[in-house]
Undergrad: 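Before I ask anything, let me first share the structure, which is written out below as structure tokens.
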Amino acid sequence: MINKKPLSSVLIKPAGPDCNLSCDYCFYLQKSELFEHSVHRMSDDILKETVRQTMQSGADQVSFGWQGGEPTLMGLDFFERVIQYQQRFGRPHQVVGNGLQTNGMVIDAEWADFLQQNQFLVGLSLDGPVHIHDRYRKTKSGKSTWERVVKARDIMLEKDVQVNALVVVNDYSGQYPEEIYQYHKENGLSFMQFIPCVEPHPLDKEAAAPFSVDGETFGRFLCRVFDLWIEDFRYGQPTTSVRFFDSVFYTYVDRQPPECTLLEECGVYVVVEHNGNVYSCDFFVDPDWYLGNVMQDQLTELLNSPRQLQFGRVKSALPPECKPCKWLSYCRGGCPKDRSSDPRDKGSNHFCKAYKLFFEHADEKLKQLAYKWKLEHGMIKPQQKNNVGRNDPCPCNSGRKYKNCCGVI
């Protein structure tokens with residue numbers, strides 16, 4: 001018998017692809033072609049049914065991700081109803097989390113109070129200083145957005161909202177790893193997520209879009225940010241959080257990473273669009289990966305449907321160069337979307353070179369940190385360390401002598 005995957009995470013797009021900005025690199029605005037109407041808003045019936053199913057048939061810990069487009073276009077009253085329905089349909093002792101991804105354009109003190117009181121984790125799209133952020137993130141009339149987003153950031157930080165910086169690494173921002181990292185750290189955003197950008201060229205079928213970042217640039221970006229992250233450790237602990245490094249570290253301590261791109265298979269969550277249509281993945285909201293509709297189908301069944309299982313196996317069908325690669329157990333071939341966005345890659349992951357550069361650079365240090373973590377958590381007996389001679393190979397499998405590796409931690 002195949003064990004069913006628990007419904008523990010749902011990504012919801014209540015305003016569909018609608019947005020109050022027109023960012024050059026946005027991949028989701030074009031999804032409006034899938035839907036009949038020009039304005040897209042989730043009805044109360046669909047919201048209620050989505051929350052009901054998730055709370056009543058979901059796991060003991062469930063998370064709702066609210067994305068878009070721009071989800072705040074729904075208005076604050078919509079999210080007040082979200083909380084009401086979660087409380088109404090939740091089971092005793094069930095833990096629920098809400099994450100909101102926003103461009104920050106409508107966030108004010110009232111929004112911030114609500115987000116703080118209801119413990120929303122907010123991902124704020126802020127690419128960095130003004131010259132980096134405004135390169136591609138503009139209003140529909142082509143004007144700057146940076147000042148308004150920074151104001152939203154400061155309001156939320158003042159109100160003690162949990163805020164992460166969401167940074168799209170593109171052809172331009174990829175040149176400024178240190179400036180971006182230091183900017184966010186110095187302005188109170190010590191949790192950062194760096195999202196590499198590659199999209200098909202809208203006119204040239206043989207190329208990627210010009211704003212896409214190439215593998216080598218993104219690899220160098222990751223290496224430099226990693227060094228900055230390490231430099232900021234205090235008393236052996238990180239003082240900033242970079243999602244990719246945090247997720248990769250799970251693989252070094254033999255745990256399942258929270259980031260789906262690092263799993264062997266995809267399909268661990270579902271996406272609910274504004275009209276109730278359910279899809280396999282945020283990057284694959286298209287007719288090929290349509291699973292059903294929340295008003296006629298059960299989310300748990302769609303998550304475990306043959307179609308979703310088939311989608312999950314797409315990731316494990318690795319390009320030939322992945323199978324002998326020594327880094328496969330860490331990257332798992334990356335996101336399938338990155339194998340198809342640039343025709344020049346011919347089915348290979350666009351960021352394969354980036355991952356190789358990063359792991360060659362960071363592997364030794366990650367193994368040291370993992371060895372220390374395993375000691376602290378009882379996964380390695382203390383006497384194993386004590387029995388290691390200073391000239392013996394290090395138990396963390398870095399290939400170095402103990403005195404030159406974990407012996408200096």
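Throughout, numbering of the chain's residues begins at 1 and tracks the sequence.
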Undergrad: Could you label the plane-to-plane angle of the Phe283 and Phe27 rings as parallel, tilted or perpendicular, counting under 30° as parallel and over 60° as perpendicular?
TA: tilted
Undergrad: Is the cationic atom of Arg255 (NZ for Lys, CZ for Arg) positioned less than 6.0 Å from the six-membered ring centroid of Tyr250 and within 45 degrees of its normal?
TA: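 Negative - Arg255 is either too far from the ring of Tyr250 or too far off its axis.
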Undergrad: Hey, is CD on Gln56 packed in by over 12 heavy atoms from elsewhere, all under 6.0 Å?
TA: yes
Undergrad: Tell me whether the count of non-hydrogen atoms from other residues, nucleotides or ligands lying under 6.0 Å of CD in Glu264 goes above 12.
TA: no
Undergrad: From Glu273 CD over to His40 NE2, what is the distance, rounded to the nearest 0.5 angstrom?
TA: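 The CD atom of Glu273 sits 8.0 Å away from the NE2 atom of His40.
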Undergrad: Got Val167 and Met192 here, is their nearest side-chain heavy-atom distance under 4.5 Å?
TA: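 They are not in contact (no side-chain heavy atoms under 4.5 Å apart), so the answer is no.
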Undergrad: To check you understand the geometry: which heavy-atom pair defines the closest contact between Pro177 and Val225, and what is its length?
TA: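 The answer is CB-CG2, 3.8 Å.
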Undergrad: Quick check on Lys205: does its NZ atom have over 12 non-hydrogen neighbours (other residues, nucleotides or ligands) under 6.0 Å away?
TA: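 Count not over threshold, so no.
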Undergrad: Can a donor-acceptor pair be found between the side chains of Asp342 and His201 at a distance below 3.5 Å?
TA: no
Undergrad: Go through the side-chain N and O atoms of Glu49 and Gln53 and say whether any donor and acceptor fall under 3.5 Å apart.
TA: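 Side chains of Glu49 and Gln53: pair found under 3.5 Å.
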Undergrad: Is it true that a side-chain atom of Lys31 and a backbone atom of Gly16 form a donor plus acceptor pair closer than 3.5 Å?
TA: no
Undergrad: Which heavy atom of Ser305 sits nearest to which heavy atom of Leu291, and what is that distance?
TA: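 Smallest interatomic distance, heavy atoms only, reads OG-CD2, 4.1 Å.
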Undergrad: Are the charged groups of Asp254 and Lys374 less than 4.0 angstrom apart, N to O?
TA: yes
Undergrad: Check the pair Val198 / Val213 against side-chain contact (heavy atoms from CB on, under 4.5 Å), numbers first and verdict last.
TA: CA-CA 6 Å; Val198 57; Val213 63; over 6 Å; no
Undergrad: Side chains of Tyr25 and Asp127: is there a donor and an acceptor less than 3.5 Å apart?
TA: yes
Undergrad: Is it the case that the side chains of Thr72 and Glu70 hold a donor-acceptor pair, with the cut-off being a distance below 3.5 Å and no angle test?
TA: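 Present: a donor and an acceptor within the cut-off.
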Undergrad: Could you check whether Glu199 pairs with Lys337 (Lys NZ or Arg NE/NH1/NH2 to Asp/Glu carboxylate O, under 4.0 Å)?
TA: yes
Undergrad: Can you tell me if CD on Gln30 sees more than 12 non-hydrogen neighbours from other groups inside 6.0 Å?
TA: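 Result for CD/Gln30: enclosed.
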Undergrad: Can we call the ring centroids of Phe35 and His274 under 6.0 Å apart?
TA: yes
Undergrad: Is the shortest heavy-atom distance from the side chain of Asn164 to the side chain of Gln193 under 4.5 Å?
TA: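 A side-chain contact is absent here, since even the closest heavy-atom pair is not under 4.5 Å.
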Undergrad: Measure the spacing between CZ of Phe351 and CG of Leu357 and express it to the nearest 0.5 Å.
TA: 12.5 Å
Undergrad: Can the ring centres of Phe120 and Phe114 be said to be less than 6.0 Å apart?
TA: yes
Undergrad: Fit a plane to each ring of Trp66 and Phe64, take the angle between them on a 0 to 90° scale, and name the class: parallel (under 30°), tilted (30 to 60°) or perpendicular (over 60°).
TA: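 Parallel, since the angle between the ring planes stays under 30°.
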Undergrad: Between the side chains of Asn293 and Asn277, is a donor N or O closer than 3.5 angstrom to an acceptor N or O?
TA: yes
Undergrad: Are side-chain heavy atoms of Arg81 and Asp44 found at a separation under 4.5 Å?
TA: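 SC-SC contact between Arg81 and Asp44 confirmed.
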Undergrad: Can the positive tip of Arg307 be found less than 6.0 Å from the middle of the six-membered ring of Trp289, inside 45° of the ring normal?
TA: yes
Undergrad: To the nearest 0.5 Å, tell me how far Met156 CE sits from Leu124 CG.
TA: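 The CE atom of Met156 sits 4.5 Å away from the CG atom of Leu124.
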Undergrad: Roughly how far apart are Gln84 CD and Arg88 CZ, rounded to 0.5 Å?
TA: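 Rounded to the nearest 0.5 Å, the CD-CZ separation comes out at 8.0 Å.
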Undergrad: Does Lys365 reach the main-chain N or O of Ile230 with its side chain, forming a donor-acceptor pair under 3.5 Å?
TA: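 No, because the side chain of Lys365 does not come within donor-acceptor range (under 3.5 Å) of the backbone of Ile230.
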Undergrad: Arg344 and Ala207: which non-hydrogen atoms are nearest, and at how many Å?
TA: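 Answer, listing the atom of Arg344 first, then Ala207: NE-CA, 4.0 Å.
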Undergrad: Establish, from distance only, whether the side-chain atoms of Asn98 and Gln86 form a donor-acceptor pair under 3.5 Å.
TA: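 Indeed, the side chains of Asn98 and Gln86 share at least one donor-acceptor pair under 3.5 Å.
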Undergrad: Mind checking the OG1-CZ spacing from Thr54 to Phe89? Nearest 0.5 Å is all I need.
TA: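 If we round to the nearest 0.5 Å, Thr54:OG1 and Phe89:CZ are 11.0 Å apart.
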Undergrad: Answer yes when Asp214 and Lys353 have at least one side-chain N-carboxylate O distance shorter than 4.0 Å, and no when they do not.
TA: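 Lys353 and Asp214: not salt-bridged.
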Undergrad: For Glu147, I'd like to know if atom CD has over 12 heavy atoms of other residues, nucleotides or ligands within 6.0 Å.
TA: no
Undergrad: Is it the case that Ser348 and Glu321 place a side-chain donor and acceptor less than 3.5 Å from each other?
TA: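 Yes, side-chain donor-acceptor contact under 3.5 Å.
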Undergrad: Can you give me the closest heavy-atom contact between Ile12 and Thr50, atom names plus distance?
TA: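 Looking at all heavy atoms of both residues, the closest pair is CD1-CG2, 3.7 Å.
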Undergrad: Got a salt bridge between Asp282 and Lys13, using NZ or NE/NH1/NH2 to carboxylate O under 4.0 Å?
TA: yes
Undergrad: Can we say Arg339 and Asp345 salt-bridge, meaning some charged N sits less than 4.0 Å from an Asp/Glu carboxylate O?
TA: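 No salt bridge links Arg339 with Asp345.
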Undergrad: Who are the side chain to side chain contact (heavy atoms under 4.5 Å, CB included) partners of Gln117, not counting sequence neighbours?
TA: Asp113
Undergrad: Let's go through Thr300 and Gln298 carefully: what are the C-alpha distance in whole Å and the side-chain angles of both, what is the deciding distance for side chain to side chain donor-acceptor pair (under 3.5 Å) to 0.1 Å, and is it a yes or a no?
TA: CA-CA 6 Å; Thr300 52; Gln298 296 298 308; 5.2 Å; no
Undergrad: To the nearest 0.5 Å, what is the distance between CG on Asn275 and OG on Ser43?
TA: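 Here the interatomic distance stands at 9.5 Å.
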Undergrad: Asn20 and side-chain hydrogen bond (donor to acceptor under 3.5 Å, both in side chains): which single residue from Thr145, Thr139, Asn103 fits?
TA: Asn103
Undergrad: Considering the options Phe244, Phe249, Tyr252, which one meets the ring pair (Phe, Tyr, Trp, His ring centres under 6.0 Å) requirement together with Tyr330?
TA: Tyr252
Undergrad: Can you tell whether the side chains of Arg41 and Asp18 come within less than 4.0 Å, N to carboxylate O?
TA: yes
Undergrad: Tyr176 and His131: side-chain donor and acceptor closer than 3.5 Å?
TA: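 Tyr176 vs His131: no donor-acceptor pair found between side chains.
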Undergrad: With the threshold set at 4.0 Å, does a side-chain nitrogen-carboxylate oxygen contact exist between Asp363 and Lys367?
TA: yes
Undergrad: Are side-chain N/O atoms of Thr239 and Asp232 paired as donor and acceptor at under 3.5 Å?
TA: no
Undergrad: Taking the six-membered ring for Trp, are Phe358 and Phe245 parallel (under 30°), tilted (30 to 60°) or perpendicular (over 60°)?
TA: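 Taking Phe245 first and then Phe358, their aromatic rings lie parallel (interplane angle under 30°).
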Undergrad: Would you sort out whether Val62 and Val95 count as a side-chain contact (heavy atoms from CB on, under 4.5 Å), showing the intermediate values?
TA: CA-CA 6 Å; Val62 293; Val95 178; over 6 Å; no
Undergrad: Without swapping roles, check the side chain of Asp134 against the backbone of Ser144 for a donor-acceptor pair under 3.5 Å.
TA: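 No, because the side chain of Asp134 does not come within donor-acceptor range (under 3.5 Å) of the backbone of Ser144.
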Undergrad: Would you call Glu301 and Lys4 a salt bridge, using N to O less than 4.0 angstrom?
TA: yes
Undergrad: In this structure, is the centre-to-centre distance between the rings of Phe284 and Tyr279 below 6.0 Å?
TA: no
Undergrad: Check whether more than 12 heavy atoms from other residues, nucleotides or ligands sit under 6.0 Å from atom CD of Gln119, and answer yes or no.
TA: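 12 or below, so no.
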Undergrad: Return yes when atom CD of Glu110 has more than 12 non-hydrogen atoms of other residues, nucleotides or ligands closer than 6.0 Å, and no otherwise.
TA: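 Incorrect, the count does not exceed 12.
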Undergrad: Distance alone, cut at 3.5 Å: any donor-acceptor contact between the side chains of Ser173 and Tyr136?
TA: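 Checked: Ser173/Tyr136 side chains show no N/O donor-acceptor pair below 3.5 Å.
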Undergrad: Considering only NZ, NE, NH1 and NH2 on the basic side and carboxylate oxygens on the acidic side, decide whether Glu216 and Lys356 come within less than 4.0 Å.
TA: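 Salt bridge flag = no for Lys356 with Glu216.
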Undergrad: Heavy atoms only: give me the nearest Trp229-Pro238 pair and the separation to one decimal.
TA: NE1-CB, 3.8 Å
